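This report concerns only the one structure given below.
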Amino acid sequence: MCGIIGTTGVDDALPILLEGLHRLEYRGYDSAGVVLVSDGVLWRARRADGTHSVEELFSLSGTAPAGAHTGIGHTRWATHGSPTEENAHPHLDCTGRLGLVHNGIIENHSELASELVAKGHTLTSQTDTEVLAHLVEDNIAGGASLVEALRAALLRVRGSFSVAVVHADDPEVIVAGRRATPLVVGIAKGGTLLASDIPALLGRTRRMIPLDDDQLVELRPDSVRITTLDGEEIEPDVRTIDWDLEAAQKGGYDDYMSKEMHEQPQAVADTLLDRRKPDGALVLDELRLTNEDLERIQKVFIVACGSSYHAAMVAKYAIEHWTRLPTEVDIASEFRYRDPVLDDRTLVVGVSQSGETLDTLQAMSEAARWGAKVLVVSNVVDSSMARKADGVLYTRAGPEVGVASTKCHLAQVVALEILALTLAQIRGTQPAEAIALLLDRMHELPDKVEEALGRAKEVDAVAEAIAGARDYFFLGRGVGFPVALEGALKLKELSYLRAEGYPAGELKHGPIALIVPGTVVVGIATRNGLFEKMLANLAEVKSRGATVVLVADDDDDEAAAVADHVLWVPPTEPLLSPVVNVVPLQLLAYRLARMLGNDVDRPRNLAKTVTVE
Ligand code: M6R
């Protein structure tokens, strides 16, 4: 997730771009950069100083050409290529007369890069983006206008993009386009603007046009022309935005948690992008291990904390089932001190949204000390863990502001299941057709998550019905067990209510003594091999007076028959079901917390990144 800003004609471009970048920093701040069009040339400045990147650009203002009224800027959340200045946007073409910024992922960048290099282009970064600048350059050299050159380039790319381009030969024009990532046009006095979101433009204008997928826009100081990628003219739909700045930063949602829950379909889709080569081989982001190393592995450990630990638990089921590799899951703070048995045939996978959690970081160091192969699943490119590990698999969820993890947790489950399939492929434990089918099912997950999110009102009604209960149990079996743990953790963190996650079959060995009339039991009862047993366990709590809330597959009357309330979800493959099933539990915890008046973005006593033992 990166941020894009552009302006032409409004006023001096640089202060507008810097102010916009400042407001877009929540979308990532690995690096920032701007290009101004001035006197027939481009002036570019880029900085890669983490949280200080935009600030550093401010300090360069004195060296910028005066009076430039057209420019584009970018703040980066690195996906392809480290967060260095060389990889920072805007990227230039070979002539240095074209500047381009991009948010999203170009899936076929490798094949496009090979083609461009063969034609004589010089690529200077490790990003997926740079190919776009050279594709547009190529089309212009063939006689196309800037807008037609971008159109032709975008028709060749697979993946997601919002992209903006300027050219020294067209000093007052910005051309931009989008697919699957946001872009909004602003109409101001004397000029026009462009940004990844509304807040970046508030203060300059309230008159905005949100672009739709596969649309291109040509911005000039006095006009906005929108066409589809196929060239059809579109009548601009100008809206007046009446949100205040804070509401706008949350994208119109009441809080970051809500916004981030609604970004989950995108986070899952982005994490899946670009994983399958044309020959069907699966690829991780940075793997400093050979296939031979992975073939030699005899045992897997996955270490993590909190929600990342629950994602790791799901992965244990997937890895053992698909690869037959013995897999242990460990709480990071326990792993390090319990003298685990590790050697160079052990794979240790650290899972961490931040990539900085001290317990997980130290567990990984311990694993490396014993000669184990170390992989990390992280949301932050070049985080401490990513730098230490032998291999990295990134969850591409974008920055998560809410302290309670939502979109990163879902992306972790997806990334770990890709890792499980990669191991199955390399070790030959699953036929190619089975892997292809599972990947197809995984690509259906964003829509299913979207559907589950669309049922928030039904979840709210359940929350109203059970509010006031003192004790909550979350029960699951198989992959439903980590879902139950995650549901209980969300409820604890957000609502401060007593909630226990438990394996449903274990309840009768003790904790069932706590079930009394009024206890709420939330059961994960979507269809899998343990469905009948799960219903039997639920009957045990129901007969003791518990109020039973079930997460169940759509139209499953058998499940509904044992429930007081049902949270319906669209069905999917059992091993993939945690990605969908956790969504109603997030919504339930959110609603109960809001009803209690709690701050869902900053729950008491917690921190987003825990860098102490
Ligand atoms: O950054 P990490 O994934 O390593 O963080 C791990 C936990 O601290 C984190 O998941 C925590 O439990 C969240 N508050 C869960 O919502």
Side-chain angles (χ1 to χ4, degrees), residues 77 255-261 263-264 267 271 302-315 329-336 348-365 367 374-389 392-416 474 482-497 499 501 578 582-583 585-590 592-593 598-613:
W77 173 265
D255 38 66
Y256 285 107
M257 182 178 173
S258 250
K259 177 168 178 273
E260 288 163 3
M261 283 193 290
E263 285 169 352
Q264 292 184 121
T271 301
I302 318 181
V303 289
C305 311
S307 292
S308 301
Y309 173 72
H310 301 150
M313 286 178 72
V314 175
V329 183
D330 245 304
I331 298 270
S333 52
E334 291 296 317
F335 176 84
R336 182 175 171 216
V348 176
V349 184
V351 187
S352 173
Q353 173 278 128
S354 58
E356 304 295 341
T357 300
L358 193 72
D359 288 325
T360 313
L361 188 62
Q362 291 188 337
M364 291 175 65
S365 302
V374 179
L375 258 174
V376 65
V377 173
S378 169
N379 197 44
V380 181
V381 170
D382 275 6
S383 56
S384 301
M385 286 181 214
R387 286 199 303 272
K388 274 195 170 177
V392 188
L393 180 54
Y394 288 118
T395 50
R396 299 171 185 146
E400 192 176 65
V401 177
V403 167
S405 186
T406 53
K407 62 177 181 171
C408 284
H409 172 72
L410 255 64
Q412 286 170 341
V413 174
V414 168
L416 285 163
F474 286 71
V483 173
L485 288 175
E486 179 61 8
L489 178 63
K490 289 285 95 83
L491 192 62
K492 279 187 262 212
E493 303 188 270
L494 296 167
S495 68
Y496 319 141
L497 290 165
V582 86
V583 173
L585 304 185
Q586 296 169 339
L587 293 168
L588 187 70
Y590 171 86
L592 285 166
N598 297 351
D599 180 341
V600 291
D601 287 337
R602 282 180 298 268
R604 72 183 179 206
N605 304 340
L606 298 178
K608 184 68 188 159
T609 304
V610 184
T611 51
V612 289
E613 271 204 74

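Each ligand, and each atom within it, is numbered from 1 in the order the structure gives. The model shown is predicted, which means the values in this text are computed figures rather than measured ones.
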> Heavy atoms, side chains only, cut-off 4.5 Å: are Lys388 and Val374 in contact?
Replying inline: no

> What atoms of ligand 1 come within less than 4.0 Å of a heavy atom belonging to Val403?
Replying inline: 13 (C), 14 (N), 16 (O)

> Among all protein non-hydrogen atoms, which one is nearest to atom 5 (O) of ligand 1, and what is the separation to 0.1 Å?
Replying inline: Thr357 OG1, 3.5 Å

>> Working to the nearest 0.5 angstrom, can you tell me the gap between Leu485 CG and His310 NE2?
In response: 4.5 Å

> Is His409 in contact with ligand 1, taking contact as a heavy-atom separation below 4.0 Å?
Replying inline: no

> Just by distance, with hydrogens left out, do Glu486 and Ser307 show a side-chain donor and acceptor under 3.5 Å apart?
Replying inline: yes

>> Tell me the protein heavy atom at minimum distance from atom 1 (O) of ligand 1, and give that distance in Å.
In response: Ser354 OG, 2.7 Å

>> Closer than 3.5 angstrom, by distance alone: can the side chain of Asp599 be matched with the main-chain N or O of Asp601 as a donor-acceptor pair?
In response: yes

> Short list, please: which atoms of ligand 1 are under 4.0 Å from a heavy atom of Ala404?
Replying inline: 16 (O)

> For Val349 and Leu416, which heavy atoms make the closest approach, and how far apart are they?
Replying inline: CG1-CD2, 4.1 Å

> Could you go step by step and tell me if Thr406 and Glu260 meet the side-chain hydrogen bond (donor to acceptor under 3.5 Å, both in side chains) rule?
Replying inline: CA-CA 7 Å; Thr406 53; Glu260 288 163 3; 4.6 Å; no

> Which of the atoms in ligand 1, numbered in the order shown and given with their element, are less than 4.0 Å from a heavy-atom of Ser308?
Replying inline: 2 (P), 3 (O), 10 (O)

> What's the shortest distance from atom 8 (O) of ligand 1 to any protein heavy atom, and which residue and atom give it?
Replying inline: Val610 CG2, 4.2 Å

> In this structure, which one of Ser378, Ser405, Ser308 forms a side chain to side chain donor-acceptor pair (under 3.5 Å) with Gln412?
Replying inline: Ser308

> What is the closest protein heavy atom to atom 6 (C) of ligand 1, and at what distance does it sit?
Replying inline: Cys305 O, 3.4 Å

>> Show the nearest heavy-atom pair for residues Gly350 and Thr360, with the distance to one decimal.
In response: CA-CG2, 4.2 Å

> For ligand 1, does Glu493 get within less than 4.0 Å through its side chain, its backbone, both, or neither, judged by non-hydrogen atoms?
Replying inline: side chain

>> I'd like to check which ligand 1 atoms, numbered from 1 as shown, lie under 4.0 Å from a non-hydrogen atom of Ser405.
In response: 15 (C), 16 (O)

> Near Ser352, which atoms of ligand 1 are under 4.0 Å from a heavy atom of that residue?
Replying inline: 1 (O), 2 (P), 3 (O), 4 (O)

>> Between Asn379 and Ala397 (side chain of the first, backbone of the second, donor and acceptor by atom type, cut-off under 3.5 Å), is there such a pair?
In response: yes

> Tell me, which protein residue and heavy-atom name are nearest atom 12 (O) of ligand 1, and how many Å apart are they?
Replying inline: Gly306 CA, 3.2 Å

> What protein heavy atom sits nearest atom 10 (O) of ligand 1, and how far off is it?
Replying inline: Ser307 N, 3.1 Å

> Is Leu606 in contact with ligand 1, taking contact as a heavy-atom separation below 4.0 Å?
Replying inline: no

